[in-house]
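What you see is a predicted model; the values in this text were computed from it and never measured.
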Amino acid sequence: MFFRPLLKIARRMKDSFHLSQIAGKIARKGDNSRLTSYDVINAYRFLLGRLPENAQVVLDKLQLKNFKNLRDEIIGCAEYKDKLSTTLPIFDVYQESPKIDINITSEKRQQLFNHIQKNWTDFGSAEPWWSVLTHPQYKTANISDTARDEFYKSGSSACRHIRATLTRCGLRMNFDQLNCLEFGCGAGRNLVHLARMFAHVTGVDISRPHLDKAAMAMDRYGLDNTGLLRLSDIADIDGYDKYDFIYSIIVLQHNPPPLIAEIIARLCNRLNRNGLFLFQVPDSIHGYEFDITAYLDNLSQETAMEMHALPQSEVNKIIAANDCRILEIHPDKDTGTHRICSYNYLVQKMA
């Protein structure tokens, strides 16, 4: 008899209650207050963003002693922690420096590069859009013209990111008079928008199939102020032109630390005087370390989207050693998990 009216209550609440109302009710609820069915449903909607699975779940929660116990049980569950993990990167201040091999032989460096190049070439051939944005609608089997347009439309966030970061630092740039390099341009998601912002944009990627998709996007959107370069070796960077602005987001993290370090150093030297370099790289990953011998001994032949980190202290040393200075470091949440602590760096070449 209890189940049917309870479900009616849930449906009615779903239609009539806004989250702001629920938040107010929860805030006014004392920790030792006696629980009601409304309390359980409110807590689920506000903390988990959904209704309880069924009436039995509500009955079970009513057995808890008070509202505090209900709240603690919900925020301690895996579902709530997963929701937090998409928004709140957490840095463990008690974590000691993990073992991170950075200085390696040229032979091992080449092994790393060849491995990453194969990985991303395979991704580009099989999943050129999903490998950039891992949403189901961007899978090759699901992609439609509408989804493809949404994919490229999402790249406008790059321009907002650049403008907001420069504004915080009190910088103004005449973008339409400057050239830009995007390192790790993939299928051209950001490049489409950077080309409308800067006088000329060059996109660089390690994967030829991704670059082919980027070229198609430039044609599709009628952009003729772009160039595309394939990175066949990290040393190629030294032969690039110099740029007023370099952009690299959600790219470096897919490379082992020795490659991240070398790429940052070489890109710092592709900046014009007073030029800016905005890039993102994780500082730490829970439980992560990088032992070059162990890594090479366990290389998988399967294509995998690896995640790596380079400690902020190492990034700072590289920037200083290459005649640059840090203007801003701000947290990044695009890695999608609280297990990874990631930052965006805005770096300027010294005048």
Using a distance-only test with no angle check, is there a side-chain donor-acceptor pair under 3.5 angstrom linking [X] and [Y]?
X: H135; Y: Q137; answer: no
X: N322; Y: K349; answer: no
X: R208; Y: T121; answer: no
X: S157; Y: R160; answer: no

**Asked** Are the side chains of V281 and V315 in touch, meaning some heavy atoms are under 4.5 Å apart?
**Response**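 Result yes, sub-4.5 Å side-chain heavy-atom pair found.
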**Request:** Could you please spell out the steps behind the side chain to side chain donor-acceptor pair (under 3.5 Å) verdict for S342 and Q253?
**Result:** CA-CA 9 Å; S342 180; Q253 63 189 21; 4.9 Å; no
**Prompt:** Of all residues at least two apart in sequence or in a different chain, which pass the side chain to side chain contact (heavy atoms under 4.5 Å, CB included) check with L229?
**Reply:** T202, V204, Y240
**Request:** List in chain and number order the residues that pass side chain to side chain contact (heavy atoms under 4.5 Å, CB included) with Q312, two or more places apart in sequence or in another chain; answer none if no residue qualifies.
**Result:**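 Checked Q312 against side chain to side chain contact (heavy atoms under 4.5 Å, CB included); matches are D283, N316, I329, Y343, Y345.
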**Asked** What's the verdict on salt bridge (Lys or Arg N to Asp or Glu O under 4.0 Å) for D238 and R266, showing C-alpha distance, side-chain angles and the deciding distance?
**Response** CA-CA 7 Å; D238 295 343; R266 291 180 186 270; 2.3 Å; yes
**Request:** Specify whether H210 and W120 have parallel, tilted or perpendicular ring planes, treating 30° as the upper limit for parallel and 60° as the lower limit for perpendicular.
**Result:**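 Rings of H210 and W120: tilted, 30 to 60°.
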When the side chains of residues 171-182 are checked against the rest of the protein, which donor-acceptor pairs come out under 3.5 Å, sequence neighbours left out?
from: N179; atom 1: OD1; to: D244; atom 2: N; distance (Å): 2.8
from: N179; atom 1: ND2; to: K242; atom 2: O; distance (Å): 3.2
from: E182; atom 1: OE2; to: N190; atom 2: ND2; distance (Å): 3.0

**Item:** Nearest-0.5 Å distance that lies between atom CE in M305 and atom CD in E127
**Value:**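 Those atoms lie 9.5 Å apart.
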**Asked** What's the shortest heavy-atom distance between V57 and P52, and which atoms?
**Response**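 Residues V57 and P52, closest heavy atoms: CG1-CB, 4.2 Å.
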**Asked** For H115 and Q117, what are the C-alpha separation, side-chain angles and deciding distance, and is it a side chain to side chain donor-acceptor pair (under 3.5 Å)?
**Response** CA-CA 5 Å; H115 169 65; Q117 185 176 62; over 6 Å; no
**Steps toward side chain to side chain donor-acceptor pair (under 3.5 Å) verdict (D149, T146)** = CA-CA 5 Å; D149 284 337; T146 299; 6.0 Å; no
**Request:** List in chain and number order the residues that pass salt bridge (Lys or Arg N to Asp or Glu O under 4.0 Å) with D122, two or more places apart in sequence or in another chain; answer none if no residue qualifies.
**Result:**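 For D122, the residues satisfying salt bridge (Lys or Arg N to Asp or Glu O under 4.0 Å) (neighbours in sequence not counted) are K118.
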Donor-acceptor pairs under 3.5 angstrom involving side-chain atoms of residues 105-113: please list them, not counting sequence neighbours.
from: T105; atom 1: OG1; to: K108; atom 2: N; distance (Å): 3.2
from: Q110; atom 1: NE2; to: N114; atom 2: OD1; distance (Å): 2.9

**Message:** The test is ring-ring contact (aromatic ring centres under 6.0 Å, His included); show your working for H330 and H161 and say whether it passes.
**Reply:** CA-CA 11 Å; H330 59 268; H161 182 200; 5.5 Å; yes
**Message:** As a quick check of understanding, evaluate salt bridge (Lys or Arg N to Asp or Glu O under 4.0 Å) for E150 and K153, giving each step before the final call.
**Reply:** CA-CA 5 Å; E150 290 175 355; K153 184 178 179 180; over 6 Å; no
**Prompt:** If you measure from the Lys or Arg side-chain nitrogens to the Asp or Glu carboxylate oxygens, is any gap between K213 and D205 under 4.0 Å?
**Reply:**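 No salt bridge links K213 with D205.
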**Item:** Pairs touching residues 215-235 that satisfy ring-ring contact (aromatic ring centres under 6.0 Å, His included), sequence neighbours left out
**Value:** Y152-Y221
